[in-house]
Novice: 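Below is the structure I would like to discuss, written out as structure tokens.
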Amino acid sequence: MKQTNDIIGRLSEQGYRVTPQRVLILSVIEDSNRHISAEEIYAQVTAKYPRVNISTVYRTLELLKRLGLIYEIDLGEGRVRYHSESKGHHHHLVCRKCGAIIDVGESVLFPLQAVLLQAFNFSAELRHMAIFGLCENCRQKNPG
Ligand SMILES: [Zn+2]
Ligand SMILES: [Zn+2]
């Protein structure tokens, strides 16, 4: 609940109305221990507020994204998923063959950030990346 109070503070600080729907949508994302899609969020929200429609969910997700409270990621399923900023920065290795997802800490991409800065004078914001490839298992079955 501490986190939710934080969020309420941050919304109102920036002049946004703290509606029950906004708080609920954020807490659904906070409470999910995996990445959650807009459709899954919508299903959980309507269990409590049957009148909420999906466009409200999409608009709220846009707002929370702009405020930096949530991050979105495309894991290659043709739709994006969300996770809350409070879960920390990390990246995902996604196997394009079997769909396995391996989580890695953000420090894994620090060398890439350094290279981009040096070679292009470009300061990359690598907060939440999906990197596609083949996992160990699938590599063994498809050597090379
Ligand atoms: Zn993630
Ligand atoms: Zn695989």
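All residue numbers in this chain count up from 1 along the given sequence. Read the numbers this way: they start at 1 and go in the same order the structure lists the ligands and their atoms. Quick caveat: nothing in here was measured; it's all calculated off a predicted structure.
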Novice: Once rounded to 10 degrees, what value does the angle at the Zn ion (ligand 2) take between SG (C135) and SG (C95)?
Specialist: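 My answer is 110°, to the nearest 10°.
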Novice: With a cut-off of 2.8 Å, does H83 place any N/O/S atom under that distance from the Zn ion (ligand 1)?
Specialist: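 No N, O or S atom of H83 is closer than 2.8 Å to the Zn ion (ligand 1), so no.
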Novice: Which angle, to the nearest 10 degrees, do you find at the Zn ion (ligand 2) between SG in C98 and SG in C138?
Specialist: 110°
Novice: Tell me whether S32 contacts the main-chain N or O of I29 through its side chain, where contact means a donor paired with an acceptor under 3.5 Å.
Specialist: no
Novice: Could you confirm whether H128 has any N/O/S atom lying under 2.8 Å from the Zn ion (ligand 1)?
Specialist: yes
Novice: Do the ring planes of H128 and H83 sit parallel (below 30°), tilted (30 to 60°) or perpendicular (above 60°)?
Specialist: tilted
Novice: What atom name does the N, O or S atom of H92 nearest to the Zn ion (ligand 1) carry?
Specialist: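 Atom name returned: NE2.
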Novice: Taking the basic N atoms (NZ, or NE/NH1/NH2) and the acidic carboxylate oxygens, is any pair closer than 4.0 Å for E136 and R139?
Specialist: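 Looking at E136 and R139, the cut-off is not met.
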Novice: Can you tell which of H90, E85, H89 makes a side chain to side chain donor-acceptor pair (under 3.5 Å) with Y71?
Specialist: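 So, applying the side chain to side chain donor-acceptor pair (under 3.5 Å) to Y71 and each of H90, E85, H89, only H89 qualifies.
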Novice: Just to verify, which of E40, E72, H35, H92 counts as forming a side chain to side chain donor-acceptor pair (under 3.5 Å) with R81?
Specialist: E40
